[in-house]
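Everything on this sheet refers to the single structure shown next.
Numbers restart at 1 for each chain; the letters A, B, ... are given by sequence-line order, proteins then strands.
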2 protein chains.
Amino acid sequence: MSSKPRYQQIKSFILDGIKQQTYRPGSKIPTETELAQQFEVSRMTVNKAIRDLVQDNLLVRYPGLGTFVSDTKAESPLADIKNIADEVRQRGHQYSNRLVSLKETAASETVAMQMGVPMGTPVYRSVIVHQENGLPIQLENRYVIASAVPGYLEQDFAEHTPNEYLVKMCPISSIEHIVEAVLPSDKAQELLDIDANTPCIQVNRRTWSDGRLISFATLTHPGTRYKLRSITKVGSI
Amino acid sequence: MSSKPRYQQIKSFILDGIKQQTYRPGSKIPTETELAQQFEVSRMTVNKAIRDLVQDNLLVRYPGLGTFVSDTKAESPLADIKNIADEVRQRGHQYSNRLVSLKETAASETVAMQMGVPMGTPVYRSVIVHQENGLPIQLENRYVIASAVPGYLEQDFAEHTPNEYLVKMCPISSIEHIVEAVLPSDKAQELLDIDANTPCIQVNRRTWSDGRLISFATLTHPGTRYKLRSITKVGSI
DNA sequence: TAGCTATATATGTATATACATTTAACGACG
DNA sequence: CGTCGTTAAATGTATATACATATATAGCTA
């Protein structure tokens, strides 16, 4: 019956303010002292809440000035993969996809391990083939923690990808990509219309929202049809 | 003349311990209380130092158990592949390499195109096999604009990688990575000791210093022995 | 023997307080 | 009119302390 920690409540308050546009990008949020008075907590508790949000890139702080809502969306290496639909359209090509499977299931042992949840936890699983000008370029096999994204099964993925729905529902705070080279499984060969000897890039992606892991996906691209590109600005060395 | 904050000194102490392998991946570091006594600071100060390192994915904490050095693969936002030597050593393994070729040459047509210089421009070319515990894990084929990095040929690459020398010589301002999946060339098969059907990740990397392109490299990893990992904080809402 | 119960240990949260550092703004002075 | 110094405001660092929570272990009990 323990309620959430006080600093979590303050985080939620600020997060809501950002979502509701009460605090707009670039604008100043109340000072630590003000929030401490408002919530009747010590300044250090407010400090912890704000520190967390700074870590998530939602706020920036300037000593002597105040705390402000970030206006820059951190440019992400591998950001391109994030929105394959946009990427395809940006090339002036036609994007389409084919929903192979979409259902609620219980986490298997391997899935449970990847997602750090108990075996049998309810998850949504979707299998989608993304196509560029009708040619399959990516096989997406995704698991989502059911409790985190209600309404996932009712989505129409013809127009919007599952990922687009995800980022709309919960603010993604962190993404992990593990990239490897593999040969395609039988199922992948069939769905991507390639033969057994076509090397593929496989991206294993996990996303977190506010510290909680909410999705795990494997994205398989035929090496002959797809490349990942990332440009990184380096501060100083 | 202000010295560094106390918590920074404690961070450095722990970081050094990790680098020197005093604290190995998976092992337990001293408790907050112990560190507080050792440094004669309050527990909260130690807490701050450790929190920072947890945020950087260098440590993981378990309530009731202790604080441990992460054993996950070097968190390389692709940019950090640059230091494969460190990455290997951080895993507690032995790094070595084999210099296959190192000489000055004139840019061929394809190289010239990749680097955006006239054909025949003097470049240094090096071919190196990087090894983890004696097993080849990366084939590096690198071209460097000769005028940008004098002394490149005289380097001893046994201890330091070409990349380490590069970043020491010129401050890298930008890095481009293009990742693809390929099957290895005959030469790559031989040097990496793999067969023709082993899928490989090939990273094509170009680096700029102060707006000028200074190097182009292709890094080939057997998919069975190497994965790229990247974690990205996202600021979206 | 299986299971329950302290108990010790280590991290997690929270408070009240103090002083340091950074920045903007105001005002006095030349 | 511009410059310098003071002050106020805000975040940054640090301490001492208290209690909460999570985990493993040892010992007791049925």
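For B:Phe68 and B:Tyr62, the ring centers sit closer than 6.0 Å to each other.
Looking at heavy atoms from C-beta onward, A:Arg205 lies in side-chain contact with A:Leu219 at the 4.5 angstrom threshold.
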Could you go step by step and tell me if B:Met115 and B:Ile145 meet the side chain to side chain contact (heavy atoms under 4.5 Å, CB included) rule? CA-CA 9 Å; B:Met115 305 191 74; B:Ile145 302 286; 3.9 Å; yes
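A side-chain donor-acceptor contact under 3.5 Å links A:Arg61 and A:Thr67.
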Contact state string [nucleotides 7-13 of chain C, B base, S sugar-phosphate only, - no protein heavy atom under 4.0 Å]: --BBBBS
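Note: CD (B:Gln37) to P (D:dA16) measures 12 Å, nearest angstrom. In this entry the distance linking CZ of A:Phe68 with C1' of D:dA9 reads 12 Å, nearest Å.
Legend: residues meeting side-chain hydrogen bond (donor to acceptor under 3.5 Å, both in side chains) with B:Lys11, ordered by chain and number and at least two apart, are B:Asp52.
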